[in-house]
Amino acid sequence: MSRTTFLNVDDTKAGMADLDKEKINKLIQEASKNSKFFKQQQRREEENRRRIEVKLSKIKSFSNFQIEQAEKSADRYLNQLDKTRDLSRIFCHIDMDAFYASVEMRDNPTLQHVPMAVGGEGMLSTSNYLARQFGVRAAMPGFIARHLCPNLVIVPCDFEKYRTDSSKIMKIISEYDENYGSCGLDEAFADLTNHLQIRKTLSEEQRTFPKEENSIQTIIFGITAEETVQEIRHRIYLTTRLTASAGIACNMRLAKLCSDINKPNGQYQLESNVNIILNFIRNLPIRKIKGIGKVVFLS
DNA sequence: GCGGATCAC
DNA sequence: TATGGTGATCCGC
Ligand SMILES: Nc1ccn([C@H]2C[C@H](O)[C@@H](COP(=O)(O)OP(=O)(O)OP(=O)(O)O)O2)c(=O)n1
Ligand SMILES: [Mg+2]
């Protein structure tokens with residue numbers, strides 16, 4: 001995610017699709033103006049630009065032979081990857097919606113319908129979807145957020161609480177893949193391939209859960225990946241009363257990209273078909289790839 | 001190893 | 001008034 005500096009909001013978060021970015025950036029810039037912080041960021045930008053220049057001049061000094069060799073080796077590598085491509089597995093990525101903010105809203109219903117954020121006057125960790133309408137987002141200082149949204153309610157961070165909910169979520173996910181992995185408190189990856197095999201043999205009862213906590217009405221979940229992930233999200237909701245979004249695809253990276261698509265409280269499955277996947281990747285902004293942050297992007 | 005830079009949540 | 005906490009990786013030393 002991009003930090004809020006004089007350098008603008010450069011990407012779009014869930015819930016912020018059609019905002020007037022121009023106006024928001026102007027407001028932020030106005031508020032940041034002549035601060036010490038602003039000037040230090042400017043110096044760092046300058047330094048980065050210089051380093052990029054150095055790299056570029058190095059690239060120019062490569063001989064044609066060197067470039068040919070590098071291209072050949074890259075081609076060999078790509079060939080190898082082509083052969084080892086595995087579309088047979090099914091991964092899912094679970095990502096809680098506005099996690100810290102949702103926890104606070106659940107525990108204090110008066111926050112339910114107001115724009116709010118979690119953090120302090122100095123820095124916000126996240127905001128709820130109402131606040132995102134104003135351009136208020138994670139990694140934005142609280143006092144700047146107030147310029148964008150004067151009625152913003154800011155509640156302090158309570159890591160202990162988020163950790164508690166997180167471990168409940170992870171416990172559920174571990175039932176579908178004991179080797180699941182987590183990323184931060186609010187995200188998890190699971191390889192559902194094995195579970196989906198076993199799932200075929202489960203009784204309907206084992207795929208049945210109450211519609212609400214303490215309700216006699218029930219929901220029966222089917223045996224497809226899509227229904228399995230719906231079941232996971234529903235179980236998370238039953239135990240935490242928090243909503244999650246999910247992505248399903250043949251590897252973790254793709255699954256993560258998919259979990260953003262129908263956020264909040266939705267899921268998306270990418271078909272495990274080479275052409276469909278390549279087409280999906282073709283349309284990706286380069287910044288969405290893991291490891292390409294603001295600095296690398298500029299090079 | 002350690003500090004600096006980068007990235008991600 | 002005021003620009004984080006936490007955790008991970010890579011790199012050069
Ligand atoms: N710069 C950041 C980004 C995130 N977080 C914390 C607060 C978030 O609640 C949590 C999860 O990060 P996400 O990127 O998944 O954002 P949210 O879950 O808040 O919102 P979304 O619905 O877009 O997933 O991590 C943080 O402390 N600092
Ligand atoms: Mg999230």
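Residue numbering restarts at 1 for every chain, and letters A, B, ... go by the order of the sequence lines.
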Integer-rounded Å distance: B:dA8 C1' and A:F99 CZ: 16 Å
Atom pair distance, as rounded to whole Å: CD1 in A:I292 and P in B:dA5: 20 Å
d(CZ, A:R50; C1', B:dA5) in whole Å: 14 Å
Length of the NZ-C1' vector between A:K288 and B:dA8, whole Å: 13 Å
Pair A:Y176-A:R235, side-chain donor/acceptor within less than 3.5 Å: yes
Distance-only polar pair, side chains of A:D97 and A:S245, donor-acceptor under 3.5 Å: yes
Given B:dC9, C:dG4, C:dT3, the nucleotide with the shortest approach to the side chain of A:I144: C:dT3
For atom NZ of A:K55 and atom C1' of B:dA5, their distance in whole Å: 11 Å
Sugar-phosphate only, base, or nothing, as touched by A:E187 at under 4.0 Å among non-hydrogen atoms: sugar-phosphate
A:L254: hydrophobic cluster co-members (side-chain, 4.5 Å): A:L87, A:L257, A:I261, A:Y268, A:L270, A:V274, A:I276, A:I277, A:L278, A:F280, A:I281, A:L284
Side-chain ion pair, A:E47 and A:R44, N-O less than 4.0 Å: no
hbond_proxy A:S125 side chain to C:dG4 base (donor-acceptor, 3.5 Å cutoff): yes
Selection from C:dT3, B:dA5, C:dA2 that lies nearest to any side-chain heavy atom of A:E121: C:dA2
Length of the CZ-C1' vector between A:R51 and C:dC11, whole Å: 11 Å
Touch class at under 4.0 angstrom, heavy-atom based, for A:L185 against every strand present: nothing
Nearest to side-chain heavy atoms of A:F37, which nucleotide of B:dC9, C:dT3, C:dG4: C:dT3
Whole-Å gap separating C1' (B:dA8) and CZ (A:R253): 12 Å
Residues A:E53, A:K58: salt bridge by 4.0 Å N-O rule: no
Under 4.0 angstrom between A:N48 side-chain N/O and B:dT6 OP1 or OP2: yes
Closest to side chain of A:R287, choosing from B:dA8, C:dG5, C:dA2: B:dA8
Gap in Å between the two C1' atoms, one belonging to C:dG4 and one to B:dC7, rounded: 15 Å
Basic-acidic side-chain contact under 4.0 Å: A:E213, A:R241: no
Proximity to the side chain of A:F159 - top-ranked nucleotide from C:dG5, B:dC9, C:dT3: C:dG5
Side-chain N,O (A:K256) to OP1/OP2 (B:dC9) below 4.0 Å: yes
Residue-phosphate contact under 4.0 Å: A:R137 side-chain N/O, B:dC9 OP1/OP2: no
For atom CG of A:D260 and atom P of B:dA8, their distance in whole Å: 13 Å
Which nucleotide in C:dT3, B:dT6, B:dA8 has an atom nearest any side-chain atom of A:S35: C:dT3
Residue-phosphate contact under 4.0 Å: A:R44 side-chain N/O, B:dT6 OP1/OP2: yes
Sugar-phosphate, base or nothing in reach of A:R163, heavy atoms under 4.0 Å: nothing
